[in-house]
Every structure is written in structure tokens, then in C-alpha cells.
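Just so you know, these numbers use all the heavy atoms, side chains as well, and skip hydrogens, waters and symmetry mates.
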Amino acid sequence: MISITLPDGSKREVSSPTTVHDIAKMIGPGLAKATIAGEVNGTLCDASDLIEQDSYVRIITAKDNEGVEIIRHSCSHLIGHAVKQLFPEAKMVIGPVIDDGFYYDISTTTPFSSEDLLKIEDRMKDLISTEYDVIKKMVRRDKVIEEFTVRGEDYKLRLIEDMPEEQEMGLYYHEEYLDMCRGPHVPNTRFLKNFKLTKVSGAYWRGDSKNEMLQRVYGTAWADKKGLQAYLKRVEESEKRDHRKLGRKLDLFHFSDEAPGSVFWHPKGWTLFLELLDYMRGRQRAAGYVEVNTPDVMDRGLWETSGHWFNYREHMFSTQTEDDRIFALKPMNCPGSVSMFAQGLKSYRDLPLRMAEFGKVHRYEPSGALHGLMRVRHFTQDDAHIYCTEEQMEQECIDVVALVLDIYKDFGFEDVVIKLSTRPEKRIGSDETWDKLEGALTNSLDMMGLEYVLFPGEGAFYGPKLEFVLRDAIGRDWQCGTLQVDMNLPERFDITYVDERGNRDKRPVMLHRALFGSLERFAGILIENYSGDLPVWLSPVQAILCNISAGQEEYIAGLLEMLAKKGFRVEADLRNEKIGLKIRENTIQRVPFMLVVGSKEVEDDNVSVRTRYGDDLGPMTKAEFVSLLEKHIKAKRWINSNDES
RNA sequence: GCCGGAAUAGCUCAGUAGGUAGAGCAGUUGCUUCGUAAGCAAUUGGUCGGAGGUUCGAGUCCUCUUUCCGGCACCA
């Protein structure tokens, strides 16, 4: 007899050995039927695994997060079962769980089409409806190799080679199909009913573009129908706030075949862009930055000195002039900034020197990487380079991190993922230097008590970096702000300052930082974040004056002039149209305030105010409306329909 | 860059088995002067992304190419 402790603290004596499923059955037949897996002494296991000693046991059902993950994992196995029936020559690779779903990488002779995806999904549904049992067996390594050799599963054999220490593997039998997995998995396919295959794409073996491309089948799966439908609905809603769609609808920007990856900003979009720029300029000035401007096109020699020419040559736009000089469009602002620093003698009294530049950079990004405003070939950085002493470095890092997080708050981003990327293989500078630089970043985060995710080997070739990551409408993460510390470029460009004892050869440390990162990308993220309802301070048109009929033009003209003089972005809609149409169209354009002016308002010398959310705020004096606008602009934050007034 | 998909009017999209293009909205013109999400009528828009090919005939089939979309890889 062994003793089993359940989550509620109750204990059961059972004969040994037993299984999670047996325990569930003892508690009740309903629970037994719902059992997907178990957690024994903190470790997930299959419902069929034997328990041979006193244990703490938790039963996992579809109601648990782990249960849903197991469902997803088993769904990926089911892809295998279906694919091998439809395409016997296919070789299965790996099928892991991801956010909201799963995928399976498969090696095939010909790539899957979208029709194939439907065929696979249909076969999976058929297999589910037979409600077959999934059988788990622990099998000795040599037997596993034998099994997969017979079945020609070359990739499974390669995966086994990757785990030389494992002597026994879990094999899951899905009728005639066999998969190798750590598990746990569902005991029966009836748990897998609420799934959908979502897309098929190529993916490199081991994630390396030098390797062959496999077929990746993606899917999503949920505990119940409601969960699945809610997910599909969420995806649909997210697609509606895609910045590329809203950019067209709200007349903010467009792209053209002639300039792939470069934005044509329309007046309204450019208003947003400039507003962001003004905001950042103000914040930086307040934080002790100076602003400079450096050339867009500079000689190849500069890029050789910086190291960019050797590391990024193929991603740079370059040009050859009549005199055979090769110039490159700057892909980064740092070499220009360093040249700026090198101009004239610098004293320790000048440090820290915080030199900002709204530099437009060009990068020849791979064609497949381009994505609306998020990934472009021509973008504007709110860049700055901070030159300081080694002693000042840590405090400067802290100040930058504090500033960027405070700025994000103004846009409603409270949860920002911070990534720390350390030295890459392809790098310049000594290991001692890298130790110091990485130390400065980790120390400053630790001192601020901030969590971060470590990405070993992902740093820039000249220094480690912090990245501040924001999430877009459909859950994709985009790097915005970045902070990099660098002792290498100062070395390469041989920049120095004079210390307090008159030594002229002191080497400053250089911090590269961008807070929005790319203004284009940040604008894109904002459009999605706000779903097109830009807060009043960022709205291209903050209010629109709509007349009821001819006769109010003069009053509106006066009002327009008054508001424009106060610096508000206000327009008039004097078209010979009914007020209903004007309200509709300006609501669709997401103008925060629509001011209705008829003969009544002219007579009372006021305006009737309506919001883009359909709230009628009724008549108010011109002064009242001005203070309403001012209040919103000062608040900066996004205001939803409940508190627009 | 790699795999798959797409490209038809300013926008959203139809286009049936290859038989020289169609809707709604927008635009334009006229009428209407109107009170909080679409007033009425008339009407202009397209070498069907580009280049080749098959065919008596191609938006439709084939090849190449450009751009976009979804992933993968990349992201100084």
C-alpha cells in the first residue's frame, strides 16, 4: 500500500503500483473520463504512468493550463498520424507546443499546398472521431533506433543522436503511427476535438538557413469549442487593427512598388510622426541631451573604420560617384556621431556628453523581412550616443532605462519585456572589455530591480545590448528601444578626451541608445495599440467643425481661426451634406471631437460636441471646449469611450 | 534570401468550362440647405502588376520577373 496526497490535502491509501488514471477513477468516474495526465511530486506524467511510492498527486484535466498544453502537444502528434497516412514518404521531424498552439516540422519531397493543409486537417478530424487510445511505452534506446530505422524516420534518428545519454525513450503509439516524445500526452484522441490547422510554411532544419527547408504545419487547439472560437475571434479582431490596414483607411501613409520598404507619409501620418518627434525632442532636452545632425552619405572608409563595411556590406546601400569614390548611405548614426565627437578637443568636463540625432538610416533588409512600418529599409531613429567615463557608464545606463520606461508609460505601455543580449561569436574587442560592458548593463538592471530575459550570443558585434520589446496587435514582438554599451568604436576611431591631469589620451566609453527605436515602427505599434483611436495629442485632426446648413460658414471660420491660433489641429467640414453623413465619415476617420454648428449654436455662441465613440456631450461654450481639448492633450493618455469627456 | 499564397477601377471585391471586363463604396456633375453613423439622380474610372509563350482567341493555361501577404532565416 502507498499513500497518495491530493491537492486538497486529503490522503488515499492505494495498492501499489497504481496510476494517475486509477486514482482519478477512485475519486469519481467523471474525473476519470476527464483525466488527461497527472502531476506526481511536481513532475508531469502520463495518466498511465505507474506510481510506486508515496506521492503528492494532482490530476490534470482540460481545465488546467497544463492540460491544454498537452492537448496541443498531442494534436501535433496527430498531424504526424494524418500526414503519414496521406504522404507515406514524409519524414517527421519535431512537433512542439507554442503560444496558443503547436506545429510540426516535416520533411517532404514536395512542399505542402494550402489544399494539402485542408486534407491533413480533415484526416485529423477523422482520426479524432474514432476516439482511439494513445498507448505509451518506454522503450530501450536500441529498440527505438531499430523502430525508426525500419520506418525510415531519418530525422528522428538524428534527434536520438542528439541525446546520447538517454537509454530509454517514451514512444507513443497512435495506432500504426509512432512518435517519440518526453510527453505526457492525452490517453485518447477524443480530447483533441477543438483544433484547427492555421497555416503551412517553410522552416529550416535546426533553424539554420544553411540547412534544408522543412514543411511546418501550424495549428491551434483548445480545451473546448468556446476556447477555440474565442481564439479565432481574437485573431480576427487583431487583424482589423493591423496598422497597414488602418494606415490606408485613415490616410496616414502608403507604400509603393518603386520603393519597397520605404514609407510615403501622407499629411495625417506625418503629423503623427512629427508629434512623436517633438515629444522625444522635448524629453531629451529635459534629460540633458544636445541634438546634432550628420550626413546621410559618407565615404566607404568611414564604414571600414567602424567595421560596418565588413560586417554588413551586403545590407548597405552604396553608390559610386564619377571620381570613383564609393559612398554608403548610413545604416547607422554612430560613425557620424563619433566623427562629431572627434571634432575639436574634448575635456572630462564635457562628459557625459549626450548627443542625440534624429538620423534617417537606410538598410537593405532581406526582401522577406519587410513588414509595413515595422520593418522597413529607410527609417528614422531617435538615436543618441552618450560619451562618458568608465565610472559614469553605469549611472548613464540607469538613466537611460529609467527614461525609456517613463516614456513608454506616456503611451500606455506598462509591461515592457527587457532583453539582454551578450557577446556574439562574430565580434570585435577583447573579452575583458566585454566583461565590463556586460557587467554595466546587468548591474544597472539589478540596481533598478528590473527583470530581464537573457539572450546569450545575441549582442551587436561591438557591444552587448538591452532591447525594449513591445507587442503588436497579433502578438508579434517588436524591438523598439535599445541600449548598447561600447568600448570598441571609441578605440577604432581613436577618440579621446583630456582628463583632469591634462592627459590627452583618455578613452571615453560610448553608449548607443534609441528609445522609440524607429519612429516608423513606433508609429506602427501605436496605431495598433490604440486601434486607430490615437489619443488627442497625437490625432492628426483633433476636432472637426461641421455645419448643419449654409449660413454658419462665417461663424465656423472664426472658430477655426481661434482654435488654430491656440495650436489645435482643427478642420471644417462645410460640404453640402447632411449632418448624419459628416458625423459618420468623421467618426470612421476617428476624429476625436466633432463640433456641430447650426443656427442654434451660432445664436448661442457655442458648439455642440460629439465624440468618435458616439457620445453626445451636448452644447458647450467655446472656452469650455478649449479647456476640454487642453485637458486631453495634457493627459496624453489614450482615452476610451467611457471617459472621453 | 528560402517555402507557400496573392496581384482585376482610388478602396473592398465578383469574374462561371479560355470567347476582347463587372458590383458596392469613393470621385465628378446636377438637384436638395437638411440637427448627430450613409439624401436623390446622372456619370467618369481598368493595355486585369510587368515581360514572354501556348491558342483562331488569355484576366483565366505555361515560363520568367516585380511587389505584397503568411511563416522561416536575418535585424548593426
Rounded distance (Å) that lies between atom [atom2] of [N] and atom [atom1] of [X]:
X	N	atom1	atom2	result
A:F255	B:rG49	CZ	P	22 Å
A:R610	B:rG35	CZ	P	15 Å
A:R244	B:rG70	CZ	C1'	9 Å
A:L581	B:rG27	CG	C1'	14 Å
A:L370	B:rC72	CG	P	16 Å
A:K249	B:rC25	NZ	P	17 Å

Using atom [atom1] of each nucleotide, how far apart are [N] and [M] to the nearest Å?
N	M	atom1	value
B:rA73	B:rG1	C1'	8 Å
B:rU36	B:rG45	C1'	33 Å
B:rC56	B:rU44	P	37 Å
B:rA21	B:rU47	C1'	13 Å
B:rU55	B:rU66	C1'	26 Å
B:rG22	B:rU43	P	15 Å
B:rG59	B:rU20	P	10 Å
B:rA17	B:rG57	P	22 Å

Side chains of [X] and [Y]: is there a donor and an acceptor less than 3.5 Å apart?
X	Y	result
A:Q381	A:N333	yes
A:T294	A:E357	yes
A:Y103	A:S201	no

Using the six-membered ring of A:Y364, assess whether NZ or CZ of A:R377 lies under 6.0 Å from its centre and within 45 degrees of the ring axis.
yes
Look at the side chain of [X] against the base of [N] and say whether a donor-acceptor pair falls under 3.5 Å; ignore hydrogens and angles.
X	N	result
A:Y204	B:rG1	yes
A:R375	B:rC74	yes
A:Q215	B:rG71	no

Output the single nucleotide from B:rU36, B:rC72, B:rC34 whose closest atom is nearest the side chain of A:K578.
B:rC34
For the side chain of A:E467, starting at C-beta, report the closest nucleotide among B:rC74, B:rA76, B:rU36.
B:rA76
Below 30° counts as parallel, above 60° as perpendicular, anything between as tilted: where do the rings of [X] and [Y] land?
X	Y	result
A:H385	A:H512	perpendicular
A:Y312	A:F461	tilted
A:F593	A:F625	perpendicular

Using a cut-off of 4.0 Å on non-hydrogen atoms, how would the nucleic acid contact of A:D257 be classed: base, sugar-phosphate, or nothing?
sugar-phosphate
Just to be sure I understand: a Watson-Crick pair is purine N1 to pyrimidine N3 plus N6-O4 or O6-N4, both under 3.5 Å. Using that and G-U wobbles, which stems of three or more pairs involve RNA chain B?
B:1-7 with B:66-72, B:10-13 with B:22-25, B:27-31 with B:39-43, B:49-53 with B:61-65
Is the phosphate of B:rG4 approached by A:K199 (side-chain N or O, under 4.0 Å from OP1 or OP2)?
no
Before we go on, tell me: are the rings of A:Y218 and A:F102 under 6.0 Å apart, centre to centre?
no
With a 6.0 Å cut-off on ring centres, are A:Y155 and A:W205 close enough?
yes
Can you list the residues that meet the salt bridge (Lys or Arg N to Asp or Glu O under 4.0 Å) rule with A:R123, with sequence neighbours excluded?
none
N/O to N/O distances under 3.5 Å, protein versus nucleotides 11-17 of chain B:
{"unit_1": "B:rU12", "atom_1": "OP1", "unit_2": "A:R248", "atom_2": "NE", "d": "3.3"}
{"unit_1": "B:rU12", "atom_1": "OP1", "unit_2": "A:R248", "atom_2": "NH2", "d": "3.1"}

